[in-house]
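Quick notes on the structure that follows.
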Number of protein chains: 2
Amino acid sequence: MYKKIRKTDDPRVQRSKRMFKDALISLIEEYPDRSKLTVQNIADRAELNRATFYLHYHDVKDLMQQMIDEMLSELRSLLKPKDEQAKESFSGRTRLITFIDYFYKNASFYNIMLENKAFRRKVFSVILDIVMYWEPRRTTRNPHPLPNEIIASSTLGIISWWLEEGTPYSPNYLANLIIQLFEHGNNH
Amino acid sequence: MYKKIRKTDDPRVQRSKRMFKDALISLIEEYPDRSKLTVQNIADRAELNRATFYLHYHDVKDLMQQMIDEMLSELRSLLKPKDEQAKESFSGRTRLITFIDYFYKNASFYNIMLENKAFRRKVFSVILDIVMYWEPRRTTRNPHPLPNEIIASSTLGIISWWLEEGTPYSPNYLANLIIQLFEHGNNH
DNA sequence: CAATTAATTAACAGGGTGTCAATTTAATAA
DNA sequence: TTATTAAATTGACACCCTGTTAATTAATTG
């Protein structure tokens, strides 16, 4: 009785999906205007048949969506403290730098991905998490705090600009600027 | 001796271009995922021939680019004080509210347009202008001001979020939040 | 090996692109 | 009004991409 239950474990599937993802990244970096983002071109670049693409994805959007979900899940796990002890030293500042570093690694790729609304929304919610647990004491001594969404969206705006400009500051320095803005505004 | 010099003054051209622009706006608002943004559909919606489209634009991107330029030029003129006297009362705050109001009018349309990199870059430079002339005195008494790009990009981030969320605050209140952020950060 | 399933191949109708030449229609100077 | 100019339409063209299918080949694994 032959039965193959774990389809996704098939090395052929693994390989194909990896090839398609790499092809998409390669095409995006080569044509930042996304003018060559077709199933045809992706399959050609992956050196796989176009019909194989349809075995795994519904269309290009679907491929991007799956990649986005994987990336975001990776990012979230980076921001999750491993144990109780790590939680202590895992300050808001550390989390912000971890976050910025993550985008710094494949800056040109994430720069493109951030034009995707779905991706941006999910990144926004990750930032919102960071902001919400930033400094619990903030709410107690602060009579008129800004809505967390204002803090998060301005952070996303700054990071988007930073990526578009080719990361003109180091991740650390950028984090400093963002923290300065939220601590003192522009009146230091 | 017949001679027609001013082609662009031809009422037929005026009408056609207006029809195509209206059709684009109509399609964008009907299909926010931009799935129906083809020359074919735009021409159909405009009730003009597809070949006519190509008489005026190279492709859909070109049409959007022309619209973007027109809108930005309109926005810039709104932000330019009419005379020396008006300059007095045209504070940074007033300019920021004028700016936000402009996007509030066709919020759903600008929300889509802000996904266009070219448009976003130009809006960014308009914000940069507002920020640069915000408060001349700021630089004198402020030893460590943030780069103007940080202020501008965070503003753009906030406004983008606000548009994506369906303008949950009034333009005036949003301006207050932005000003509060830059005046005091999140520690009021 | 034998069974299973992934990948390939070739073909299909459908739709959008960008261009062209010939024709019709609208604007306007005289 | 009429003659001239140019815009708009029409129909056609080759080309490319899409999404699907059926038949075949190739790779994985019990």
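Residue numbers begin at 1 in each chain, while the letters A, B, ... track the order of the sequences.
In the set dG16(C), dA27(C), dA7(C), the nucleotide with an atom closest to the side chain of L48(A) is dA7(C). Of the candidate nucleotides dT18(D), dT25(C), dA6(C), dT25(C) has the atom lying nearest to any side-chain atom of R12(B). Candidate nucleotides dT18(D), dA7(D), dA27(D) were compared by shortest atom distance to the side chain of D10(B), and dA7(D) ranks first. Nearest to the side chain of V13(B), among dG18(C), dA6(C), dA7(D), sits dA7(D). Ranking dT9(D), dT20(D), dA27(C) by closeness to the Y54(A) side chain, first place goes to dT20(D).
Going from atom CZ of R15(B) over to atom C1' of dT9(D) covers 13 Å, rounded to whole Å. Atom CD1 of I42(A) is separated from atom P of dG19(D) by 11 Å (rounded to the nearest Å). Residue L55(B) contributes atom CG, which lies 17 Å from atom P of dA22(C) at whole-angstrom precision. The interatomic distance linking F53(A) (CZ) with dT20(D) (P) rounds to 12 Å, in whole Å. Here the C1' atom of nucleotide dG19(D) and the CG atom of L63(A) are 16 Å apart, to the nearest Å. Straight-line distance from the CG atom of D62(A) to the C1' atom of dG19(D): 14 Å, rounded to whole Å. Summarising the geometry, the separation between CG on D44(A) and P on dT9(C) is reported as 12 Å, rounded to the nearest angstrom. Atom P of nucleotide dT18(D) and atom NE2 of H58(A) are separated by 12 Å, given to the nearest angstrom.
In this structure, L114(B) and L156(B) have side chains that are in contact, with non-hydrogen atoms separated by less than 4.5 Å. Counting heavy atoms from C-beta outward, I159(B) and F99(B) have side chains that approach closer than 4.5 Å.
Separating the CD1 atom in I130(A) from the CG atom in L79(A) is a distance of 5.0 Å, to the nearest 0.5 Å. With rounding to the nearest 0.5 Å, the separation of CD in Q40(B) from OG1 in T38(B) is 6.0 Å.
One axis for each end of the helix from dC1(C)-dG30(D) to dA30(C)-dT1(D), each built from five base pairs, and the angle between them comes to 30° at 10° resolution.
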Can you give me every donor-acceptor pair (side chain of residues 18-27 of chain A, partner residue at least two apart or in another chain, under 3.5 Å) with its distance?
{"from": "K21(A)", "atom 1": "NZ", "to": "E70(A)", "atom 2": "OE1", "distance (Å)": "3.1"}
{"from": "K21(A)", "atom 1": "NZ", "to": "E70(A)", "atom 2": "OE2", "distance (Å)": "3.2"}
{"from": "S26(A)", "atom 1": "OG", "to": "R45(A)", "atom 2": "NH1", "distance (Å)": "2.4"}

Under 3.5 Å, which donor-acceptor pairs link side chains of residues 51-59 of chain A to any protein atom two or more places apart or in another chain?
{"from": "T52(A)", "atom 1": "OG1", "to": "N49(A)", "atom 2": "O", "distance (Å)": "3.4"}
{"from": "D59(A)", "atom 1": "OD1", "to": "K61(A)", "atom 2": "N", "distance (Å)": "3.3"}
{"from": "D59(A)", "atom 1": "OD1", "to": "D62(A)", "atom 2": "N", "distance (Å)": "2.9"}

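Between E164(A) and K117(B) there is no salt bridge, since none of the side-chain N atoms of the basic residue sits less than 4.0 Å from a carboxylate O of the acidic one.
For the pair H56(B) and dA8(D), the criterion of a side-chain N or O lying under 4.0 Å from OP1 or OP2 is met. Listed pair S16(A) / dA7(C) meets the phosphate criterion, a side-chain N or O lying under 4.0 Å from OP1 or OP2.
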Pairs under 3.5 angstrom, nitrogen or oxygen only, protein versus nucleotides 10-13 of chain D, please.
none

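Side-chain rings of Y110(A) and Y102(A) approach one another, their centers coming within less than 6.0 Å.
Among residues two or more places apart in sequence or in another chain, the salt bridge (charged side-chain N to carboxylate O under 4.0 Å, His left out) test is passed with R50(A) by none. For R95(A), there are no salt bridge (charged side-chain N to carboxylate O under 4.0 Å, His left out) partners at least two apart in sequence or on another chain.
Where E47(A) and L37(B) meet DNA chain C, the nucleotide closest to each residue was compared, and E47(A) sits on the side nearer the 5' end.
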